[in-house]
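Beneath this line is the structure, given in structure tokens, with notes to follow.
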Amino acid sequence: MADALGVEILKLVNENEAIDTVKIASILGKDHQQIVGAVNSLKSVGDVIQTEQLSNKHWELTKEGKLFVEHGSHEACVYEAVPSDGGIKQADLMKTSPNAKIGFSKAMSAGWLIMDKTAEGGPVVKRKVSSIEDKAKSQVMLVQAGQISNIPEKECKELKKRKLIVEVVVKSFKLTKGSDFSLSVSKLETDLTPEMISSGSWKEKNFKAYNFNAMGVMPVSGHLHPLMKVRAEFRQIFLEMGFTEMPTNNYVESSFWNFDALFQPQQHPARDAHDTFFIQDPMYATEFPMEYLERVKKVHSEGGFGSQGHKYDWSIEEAKKNLLRTHTTAVSARMLYKLAQLEEFHPVKYFSIDRVFRNETLDATHLAEFHQIEGVVADYNLALADLIGVLHAFFKKLGIEKLRFKPAFNPYTEPSMEIFSYHEGLKKWVEVGNSGVFRPEMLLPMGLPEGVSVIAWGLSLERPTMIKYGIDNIRELVGHKVNLQMVQENGICRLDK
Ligand code: PHE
């Protein structure tokens, strides 16, 4: 059934050939908008009523105009405030009403008052005429009565200029009967339910037509952070290249795997608390593959496998210290060690993309935690050319074709290369990553066969993400200043490959 208001409207349409919604509103004592709403819902039910839009202009009084009706015009009020005998000091007259100033000037120019400037103690205002006609008030009252046409145009303009009246446009509808007119209208069904189908009642029902212009409901869903979107793209590239993802689910690592296994001497400055976050509780890791640990100790302190080592007293205490991993190469070390324990070596291609931590000075491009993307390939007889080749293949998939390499140093790779790519926007070479061939001092103690070499590279995830999404301050990407709207509204990521 149409609601009660709808039924009232239908009755009025039935009684009158045609009726305006403004009139209906006044008959029913309702707000016009409410009538329009009810008409719209009647229209959705079918051709019950026909509507024709009307646009009516009429004049209304402003707040100030209404004051005139109540108290008289400002000028009349001022005139009345002047005593008929004697007069009043101008200063006192101004205090008689808030609009005295404007009223005074109108009354003066109408010739109702005169001013005696010679009086002692300041100017005195006196009546000039014994009676007045408050024309402004009567005109405003005419407008209120809908008889603006009786006012001469020039005076009408004056009322507008004085902001006593305004023109308002009311959009309304002329209602007439539609082809399906009836005094009671049943509501159309919006859903076809299983019950209607099983009982067969759908045959008797009227269904609401589809509204293809209706806006859909936004599906409620979570939103991936831009870093996670870009990570998915990098992961896809690695997978396409036949790489396997390494398990990176341990932020806490021992110094052993983070540094010692990588042939990084214990006095190395990166192992300082200024660069690395050490864990207080539990301060030490306890489980190590002891035979391997002995070989690591030996290669650091005495050398071996053709190396002189670092020649210092290697301490297990230092190796046991827990820390937040400073690079994902710690994960690669664990995986390579695991690989070396297999009965028979087989070549592998591994990758990881996860979070690392460094005790850095924070600025617009550095945070104490960020993500590293790392690729590792282990096989017999891999050389620098293989590394350069795989880097070209990898970066080509990112749409980066121009690469340059610069000799660098890492404690665990020899040779090592920084990777630069030509940035078309900045028109210069920018560093995009670091790479190298893992040292025998790292691989042989693990038990990997002689002749197997491992090439690897690493890059940051934040940098390409910031470029991709045009974010120039990393604090807008990570941390408490992240705008969730930004996360919600950023599009899916497609690296230009
Ligand atoms: N671990 C290096 C870094 O943190 C990156 C790297 C990975 C370098 C693998 C060489 C080989 O910058």
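All values reported here derive from a predicted model rather than from experimental measurement. Both counts, for ligands and for their atoms, begin at 1 and track the order of listing.
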With heavy-atom distances below 4.0 Å as the criterion, list the atoms of ligand 1 near [X].
{"X": "Thr329", "answer": "1 (N), 7 (C)"}
{"X": "Glu374", "answer": "7 (C)"}
{"X": "Ala456", "answer": "9 (C), 11 (C)"}

* Can you tell me which residue and heavy atom of the protein come closest to atom 12 (O) of ligand 1, and the distance to 0.1 Å? ->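 Result for atom 12 (O) of ligand 1: Asn434 ND2, 3.7 Å.
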> Side chain, backbone, both or neither: which part of Ser435 comes within less than 4.0 Å of ligand 1 when only heavy atoms are counted?
Replying inline: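 Backbone only.
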For this session: Mind checking whether Arg358 contacts ligand 1 via backbone (N, CA, C, O), side chain (CB onward), both or neither, at a 4.0 Å heavy-atom cut-off?
Result: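 The answer is the side chain.
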Say whether Asp260 and Gln266, considering side chains only, have a donor N or O and an acceptor N or O under 3.5 Å apart.
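There is such a pair (donor and acceptor under 3.5 Å, judged by atom type) between the side chains of Asp260 and Gln266.
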Going by atom types alone, do His366 and Thr361 pair a side-chain donor with an acceptor below 3.5 Å?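 No.
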Would you tell me which option among Tyr412, Phe438, Trp457 has the nearest heavy-atom contact to atom 2 (C) of ligand 1?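 The option holding the nearest heavy atom is Tyr412.
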Using a cut-off of 6.0 Å, state whether more than 12 heavy atoms not belonging to Gln280 lie near its atom CD.
->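 No.
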Looking only at distances, can you tell me whether any N or O atom of [X], backbone or side chain, sits closer than 3.5 Å to an N or O atom of ligand 1?
{"X": "Gln372", "result": "yes"}
{"X": "Asn410", "result": "no"}
{"X": "His327", "result": "yes"}

For the residue pair Phe238 and Phe351, categorise the inter-ring angle as parallel (less than 30°), tilted (30 to 60°) or perpendicular (more than 60°).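 The rings of Phe238 and Phe351 lie parallel, inter-plane angle below 30°.
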_Quick check on ring pair (Phe, Tyr, Trp, His ring centres under 6.0 Å): which of Phe288, Tyr292, Tyr412 does Trp257 satisfy it with?_
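Considering Phe288, Tyr292, Tyr412, a ring pair (Phe, Tyr, Trp, His ring centres under 6.0 Å) with Trp257 is found only for Tyr292.
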### Query
When Phe357 is tested against each of Phe277, Tyr251, Phe278 for ring pair (Phe, Tyr, Trp, His ring centres under 6.0 Å), which residue passes?
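The residue from Phe277, Tyr251, Phe278 that satisfies ring pair (Phe, Tyr, Trp, His ring centres under 6.0 Å) with Phe357 turns out to be Tyr251.
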**Asked** Do Phe438 and Phe263 have their ring centres less than 6.0 Å from each other?
**Response**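 Between Phe263 and Phe438, which both carry aromatic rings, the centre distance is not below 6.0 Å.
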